[in-house]
Amino acid sequence: MEILQQVFDKVAKRNPGEEEFLQAVKEVLESLEVVAKKHPEYVEAGIFERIVEPERQIIFRVPWVDDSGKVQVNRGMRVEFNSAIGPYKGGLRFHPSVNMSIIKFLGFEQIFKNSLTGLPIGGGKGGSDFDPKGKSDNEVMRFCQSFMTELSKHIGADTDVPAGDIGVGAREIGYLFGQYKRIRNEFTGVLTGKSLNWGGSLVRTEATGYGLVYFAQNMLEDINDSFKGKTVVISGSGNVAIYACQKVQQLGGKVVAMSDSSGYIYDKNGIDLDLIKEIKEVKRGRIKEYADKKSGVEYTADCSKIWSIKCDIALPCATQNELDLDDAKLLVKNGCKLIAEGANMPCTDKAAEWLVEQKIPFAPGKASNAGGVATSALEMSQNSMRYSWSFEEVDEKLKGIMKNIYTNARDTAKEYGMEGNLIFGANVAGFLKVAQSMYEQGIV
Ligand code: NDP
């Protein structure tokens with residue numbers, strides 16, 4: 001980096017200690033150096049300085065009362081990062097690890113991801129350090145109502161449309177929507193990931209996992225290959241992991257390992273997805289129960305060791321920085337031929353760089369997991385029209401969007417002489433549309 005080093009230095013100074021955010025900004029700016037050289041007008045208009053600074057950051061207190069009558073206080077936040085191409089759009093994460101660095105890294109990545117979908121959505125992200133795990137439904141409801149009481153002042157169907165993320169699924173979206181409607185007295189598409197009974201879109205639940213596998217399928221087709229007969233390892237066992245597993249199985253692949261934050265299971269005969277869904281979606285249990293219920297399954301109480309399992313394809317679908325350089329080397333040594341990110345930034349920067357250097361086909365999450373937000377944007381369209389498309393219609397649109405994202409990232413990389421580097425291609429393709437829009441809208 002030459003021109004953009006100064007931009008990065010300023011970001012580092014202004015956001016001390018925000019490791020995840022700085023990691024995400026650095027990775028993008030490194031790709032954009034060539035764009036800065038090609039487009040001096042963007043440098044002059046301060047596009048790079050502006051795109052790394054959120055348009056708005058909201059932090060608020062979330063008080064609620066637990067089942068024993070004790071007052072609890074969490075911190076809520078929403079980062080409205082960039083609205084150059086549409087209303088802010090991005091999920092809410094409820095997890096004890098949530099802080100401003102994590103929300104800003106996610107919001108920043110979301111700008112480029114949303115741009116890549118080709119749909120009119122800006123970038124944002126939010127959440128809280130609230131941990132839904134072990135809480136009763138009533139506690140989760142009271143928390144969500146308190147959280148939305150403040151958040152409702154800042155969002156709206158044409159302003160900012162949050163969705164789910166880690167710890168925020170259909171249950172939480174329901175409680176959040178109910179409270180928004182009560183406060184504002186309006187029934188609008190202010191959240192996505194809604195239940196099908198009241199404005200949700202078919203395929204939204206499956207979209208991120210399915211989209212990831214469609215993306216990887218496009219990569220495989222380019223090398224005359226497919227998922228058929230492939231052994232696949234998927235980390236996590238949440239929304240993204242479960243539907244990635246389902247699509248891999250539908251395409252003839254065999255998923256042999258999945259995990260949660262306590263450990264991983266290895267089932268050499270192939271994961272029984274109905275059992276995983278029963279444990280994770282219905283009972284909100286631990287993945288260890290899978291090994292307790294099924295013979296011949298190995299359980300290891302250390303989720304980070306999942307990458308030691310031999311596979312053809314690895315799909316990290318749990319959380320950020322869960323796959324490091326040693327894991328990447330071990331995967332490749334054991335014969336892994338393709339890695340596609342389902343989670344946001346699950347590979348450390350060193351792991352991702354090394355994979356690209358080794359020319360191992362590697363899909364960055366901001367491109368390969370964009371199916372979720374793309375389908376959220378389709379949910380917004382259906383809400384505006386007060387109309388619903390069929391499962392097949394939405395699935396076809398999702399397939400088309402993932403193909404476009406892949407070809408756009410691939411061809412952009414090629415155009416700039418970086419063939420095969422999808423990190424570069426995704427960053428540059430995602431950036432160009434937002435940058436040009438910011439340029440045309442003046443200094444705001
Ligand atoms: P969920 O909350 O549904 O699931 C997260 C899963 O990851 C859980 O099984 C959780 O286990 C597990 N997990 C968390 N930390 C670790 C760890 N260190 N090692 C192994 N497993 C771990 O979240 P989602 O599936 O929705 O999200 C997963 C990732 O995908 C996140 O990075 C998210 O930002 C990203 N993403 C999600 C989208 C969506 O539509 N949902 C869209 C685009 C990206 P446990 O139950 O023990 O906590």
Side-chain angles (χ1 to χ4, degrees), residues 20 24 89-98 102-103 105-107 109-110 113-114 116-117 123 125-127 131-134 162-173 191-193 201 203-212 215 233-245 257-265 276-277 279-281 283-290 300-307 315-324 327 340-348 363-377 379 398 402 405:
E20 295 85 358
K89 182 93 199 83
L92 296 171
R93 177 177 290 193
F94 292 169
H95 192 272
S97 65
V98 162
I102 289 180
I103 297 301
F105 118 65
L106 290 165
E109 294 262 293
Q110 199 82 42
K113 180 188 307 196
N114 293 2
L116 281 169
T117 66
K125 198 83 188 187
D131 187 359
K133 238 180 264 161
D165 190 70
I166 292 179
V168 179
R171 174 182 61 170
E172 290 75 16
I173 293 290
L191 291 163
T192 56
S201 173
V203 193
R204 177 60 190 93
T205 305
E206 296 85 355
T208 309
Y210 277 23
L212 164 69
F215 190 98
V233 166
I234 300 180
S235 62
S237 48
N239 173 266
V240 180
I242 285 177
Y243 292 96
C245 177
M258 291 181 80
S259 61
D260 63 18
S261 57
S262 310
Y264 75 87
I265 47 162
I276 291 279
K277 283 186 176 184
I279 294 167
K280 286 296 187 180
E281 291 188 331
K283 286 171 55 198
R284 295 178 188 274
R286 309 304 301 157
I287 206 150
K288 181 177 182 302
E289 293 164 38
Y290 184 98
T300 305
D302 179 353
C303 58
S304 69
K305 295 281 182 298
I306 192 169
W307 310 119
L315 304 176
C317 294
T319 195
Q320 64 272 1
N321 292 327
E322 54 159 316
L323 194 163
D324 66 16
D327 297 325
E341 295 184 328
N344 284 311
M345 213 168 72
C347 295
T348 61
K366 69 167 74 69
S368 49
N369 73 24
V373 74
T375 309
S376 277
E379 184 174 329
L398 173 64
M402 297 316 295
I405 297 175

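In this text the structure is predicted, and so the values were computed from the model without any measurement. Counting starts at 1 for both ligands and their atoms, in listed order.
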K.L.:
Which atoms of ligand 1 sit under 4.0 Å from any heavy atom of G342?
P.N.:
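Every atom of ligand 1 under 4.0 Å from some heavy atom of G342: 30 (O), 44 (C).
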
K.L.:
Heavy-atom pairs closer than 4.0 Å: do any link ligand 1 to the side chain of T208, the backbone, both, or neither?
P.N.:
side chain

K.L.:
What residue and atom, counting heavy atoms only, is the protein's closest point to atom 27 (O) of ligand 1, and at what distance?
P.N.:
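I find the closest protein heavy atom is I166 CG1, 3.7 Å.
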
K.L.:
Has S237 got any heavy atom lying under 4.0 angstrom from an atom of ligand 1?
P.N.:
yes

K.L.:
Look at ligand 1 and say whether G164 reaches it with a heavy atom at a distance under 4.0 Å.
P.N.:
no

K.L.:
So, K366 and N344: side-chain donor and acceptor under 3.5 Å apart, yes or no?
P.N.:
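No - no donor-acceptor pair under 3.5 Å links their side chains.
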
K.L.:
State which residue, out of V203, T205, L212, fulfils the side chain to side chain contact (heavy atoms under 4.5 Å, CB included) condition with Y243.
P.N.:
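When side chain to side chain contact (heavy atoms under 4.5 Å, CB included) is applied between Y243 and each of V203, T205, L212, only T205 qualifies.
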
K.L.:
Could you identify the single nearest non-hydrogen protein atom to atom 25 (O) of ligand 1 and state the distance to 0.1 Å?
P.N.:
V240 N, 3.0 Å

K.L.:
Is the closest side-chain heavy-atom distance between L315 and V233 below 4.5 Å?
P.N.:
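No, too far: nothing below the 4.5 Å cut-off.
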
K.L.:
Supply the atom-to-atom distance L398 CG to T117 OG1, rounded to the nearest 0.5 angstrom.
P.N.:
11.0 Å

K.L.:
Looking at ligand 1, does any of its N/O atoms fall within less than 3.5 Å of an N/O of K113?
P.N.:
no

K.L.:
For atom 18 (N) of ligand 1, what is the closest protein heavy atom, and at what distance to 0.1 Å?
P.N.:
T319 CG2, 3.6 Å

K.L.:
For atom 4 (O) of ligand 1, which protein heavy atom lies nearest, and how many Å away is it?
P.N.:
G238 CA, 3.2 Å

K.L.:
Give the numbers and elements of all ligand 1 atoms closer than 4.0 Å to a heavy atom of R93.
P.N.:
31 (C), 32 (O), 33 (C), 34 (O)

K.L.:
Suppose I only count heavy atoms of S259 and a 4.0 Å limit; which atoms of ligand 1 are within that range?
P.N.:
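Within the 4.0 Å cut-off of S259, ligand 1 contributes 20 (C), 21 (N).
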
K.L.:
Answer with yes or no whether the side chains of T192 and R204 bring together a donor and an acceptor at under 3.5 Å.
P.N.:
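Per modelled atom types, R204 and T192 side chains form no pair under 3.5 Å.
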
K.L.:
Between E379 (side chain only) and G193 (backbone N and O only), is there a donor and an acceptor less than 3.5 Å apart?
P.N.:
yes

K.L.:
Heavy atom of H95 under 4.0 Å from ligand 1?
P.N.:
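The answer is no: ligand 1 sits nowhere under 4.0 Å from a heavy atom of H95.
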
K.L.:
Heavy-atom contacts with R204 under 4.0 Å: which atoms of ligand 1 show up? List them by number with element.
P.N.:
40 (O)

K.L.:
Which heavy-atom pair separates S262 from R286 by the least distance, and what is that distance?
P.N.:
OG-NH2, 2.8 Å

K.L.:
What distance separates S261 OG from H95 NE2, expressed to the nearest 0.5 Å?
P.N.:
6.0 Å

K.L.:
Going through the checks in order, is the salt bridge (charged side-chain N to carboxylate O under 4.0 Å, His left out) test met by D260 and K280?
P.N.:
CA-CA 10 Å; D260 63 18; K280 286 296 187 180; 2.9 Å; yes

K.L.:
Tell me every residue that passes ring-ring contact (aromatic ring centres under 6.0 Å, His included) with F215, counting only those two or more places apart in sequence or in another chain.
P.N.:
Y406

K.L.:
Would one find an N or O of K125, backbone or side chain, under 3.5 Å from an N or O of ligand 1?
P.N.:
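In this structure, K125 places no N or O atom under 3.5 Å from an N or O of ligand 1.
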
K.L.:
Side chain, backbone, both or neither: which applies to A207 and ligand 1 if a contact is any heavy-atom pair less than 4.0 Å apart?
P.N.:
neither

K.L.:
Nearest protein heavy atom to atom 34 (O) of ligand 1, by residue and atom, and its distance?
P.N.:
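Of every protein heavy atom, D165 OD1, 2.6 Å lies nearest to atom 34 (O) of ligand 1.
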
K.L.:
Counting non-hydrogen protein atoms only, what is the nearest one to atom 32 (O) of ligand 1? Give residue, atom name and distance.
P.N.:
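Heavy-atom neighbour on the protein nearest atom 32 (O) of ligand 1: N344 N, 3.1 Å.
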
K.L.:
Side chain, backbone, both or neither: which applies to M345 and ligand 1 if a contact is any heavy-atom pair less than 4.0 Å apart?
P.N.:
neither

K.L.:
Once you round to the nearest 0.5 Å, how far does OG of S259 lie from CD1 of I265?
P.N.:
8.5 Å

K.L.:
With heavy atoms under 4.0 Å as the rule, classify the contact between C303 and ligand 1 as side chain, backbone, both or neither.
P.N.:
side chain

K.L.:
To check you understand the geometry: which heavy-atom pair defines the closest contact between C317 and I234, and what is its length?
P.N.:
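Distance-wise, the nearest heavy atoms are SG-CG2, 3.9 Å.
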
K.L.:
Does R286 have a heavy atom less than 4.0 Å from any atom of ligand 1?
P.N.:
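True for this residue.
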
K.L.:
Work out whether the distance between some heavy atom of K280 and some atom of ligand 1 is less than 4.0 Å.
P.N.:
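In this structure, K280 qualifies as a contact of ligand 1 - some heavy atom is under 4.0 Å.
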
K.L.:
Which ligand 1 atoms, with their elements, are less than 4.0 angstrom from a heavy-atom of G167?
P.N.:
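Per the distance check, 2 (O).
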
K.L.:
A343 heavy atoms, cut-off 4.0 Å: which ligand 1 atoms fall inside?
P.N.:
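With A343 as reference, the close atoms of ligand 1 come out as 29 (C), 30 (O), 32 (O), 35 (C).
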
K.L.:
For atom 3 (O) of ligand 1, what is the nearest protein heavy atom, given as residue, atom name and distance?
P.N.:
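Here the closest protein heavy atom is N239 N, 2.9 Å.
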
K.L.:
Among residues at least two apart in sequence or on other chains, which ones pass salt bridge (charged side-chain N to carboxylate O under 4.0 Å, His left out) with K125?
P.N.:
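If we apply the salt bridge (charged side-chain N to carboxylate O under 4.0 Å, His left out) test to K125, skipping adjacent residues, the hits are D165.
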
K.L.:
Show me which atoms of ligand 1 lie under 4.0 Å from any heavy atom of C317.
P.N.:
28 (C), 29 (C)

K.L.:
Is it true that the side chains of D302 and T300 contain a donor and an acceptor less than 3.5 Å apart?
P.N.:
no

K.L.:
What protein heavy atom sits nearest atom 29 (C) of ligand 1, and how far away is it?
P.N.:
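In this structure, atom 29 (C) of ligand 1 has A318 O, 3.3 Å as its nearest protein heavy atom.
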
K.L.:
Do other residues, nucleotides or ligands put more than 12 heavy atoms under 6.0 Å from the NZ atom of K288?
P.N.:
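At most 12 heavy atoms, drawn from other residues, nucleotides or ligands, come within 6.0 Å of this atom.
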
